[in-house]
Number of protein chains: 2
Amino acid sequence: MKNRLEEIRKQRGLRQEELAEALLVSRQTVGSLENGRYNPSILLAFKIARYFGMCIEDIFIYEEEN
Amino acid sequence: MKNRLEEIRKQRGLRQEELAEALLVSRQTVGSLENGRYNPSILLAFKIARYFGMCIEDIFIYEEEN
DNA sequence: AAAAAATGTAAAGCATACTTGACATTTATA
DNA sequence: TATAAATGTCAAGTATGCTTTACATTTTTT
């Protein structure tokens, strides 16, 4: 799965740490998502989508993996 | 998080086991999601949404948890 | 009512999401 | 150029998603 997290975060002029605070997760979690080290839980995906006022599908791009 | 999985599965006339096969997960996983024992990973949520031709937000209902 | 099919659910194990802490590297500012 | 700010990344630990096995309960069919 790919995502547009870094792109969207930068559009809004946020640092990783600020986004992490807003989402109540660690800075490393945000960095790990941006760099594709792992995927978010569905709860975190919802939090992110809601925070940015977008829907999950517009931020996270599913592409027939496995 | 709530979900409309059981409702949608029954609308389509599927058994838990059939849905599980289509999603490549176990029958217990489908049952556990329907009964709220745990939430799907975001990959499974995408698979489910894509299988039903719906978007994640129409199947899984996020409600400010934690 | 009896048998079969579908669903509920628990335990133990493995995989992955997320944490904190620490330190290295890159980017921006003085 | 030197310093600070932001980001990258690793390791070890905890929590949760998902598996298989197994058995109980409910629902459907005969």
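In what follows, every chain begins at residue 1, and chains take the letters A, B, ... in the order their sequences are listed. Just so it is clear, the values below take in all heavy atoms, side chains as well, and ignore hydrogens, waters and symmetry mates.
Counting to the nearest Å, the C1' atom of C:dT20 and the CG atom of A:Leu24 are 16 Å from each other. Rounded to whole Å, the distance from CD1 on A:Ile42 to P on C:dT16 is 18 Å. Protein atom CG of B:Asn35 is 16 Å distant from nucleotide atom P of D:dT25, rounded to whole Å. At whole-Å resolution of the value, OH in A:Tyr38 and P in D:dG17 are 15 Å apart. Summarising the geometry, the separation between NZ on A:Lys10 and C1' on C:dT27 is reported as 10 Å, rounded to the nearest angstrom. Counting to the nearest Å, the C1' atom of D:dG17 and the CG atom of B:Asn3 are 14 Å from each other. For the pair A:Glu6 CD and D:dG8 C1', the computed distance is 11 Å after rounding to whole Å. One can place CG of B:Leu14 at 15 Å from C1' of C:dT7, the figure rounded to the nearest angstrom.
The side-chain heavy atoms of B:Thr29 and B:Tyr38, taken from C-beta on, include a pair separated by under 4.5 Å. Annotation: side chain of A:Arg27 is not in contact with side chain of A:Ser32 (no heavy-atom distance under 4.5 Å).
At D:dA5, none of the side-chain N or O atoms of A:Gln16 fall inside 4.0 Å of OP1 or OP2 (strictly under the cut-off). At the phosphate of D:dA11, neither OP1 nor OP2 sits under 4.0 Å from any side-chain N or O atom of A:Arg37. Between A:Arg27 and D:dA6 there is no side-chain polar atom (N or O) within less than 4.0 angstrom of OP1 or OP2. In this model, the phosphate group of C:dC18 is approached by a side-chain N or O of A:Ser41 to a distance below 4.0 Å at OP1 or OP2. Put simply, A:Thr29 has no side-chain N or O that comes within less than 4.0 Å of OP1 or OP2 on C:dC18.
Contact of A:Gln28 with D:dT7 (side chain to base): no donor-acceptor pair of N or O atoms is detected under 3.5 Å.
Within 6.0 Å of CD on B:Glu17 lie no more than 12 heavy atoms contributed by other residues, nucleotides or ligands.
Salt bridge status for A:Arg50 with B:Glu64: present, with a side-chain N to carboxylate O gap under 4.0 Å.
The cluster map of Ile, Leu, Val, Met, Phe, Trp and Tyr, joined by side-chain heavy atoms under 4.5 Å apart, puts A:Phe46 and B:Ile61 in different clusters.
In this structure, B:Gly31 and A:Ser32 both approach DNA chain C, and ranking their closest nucleotides by distance from the 5' end singles out B:Gly31.
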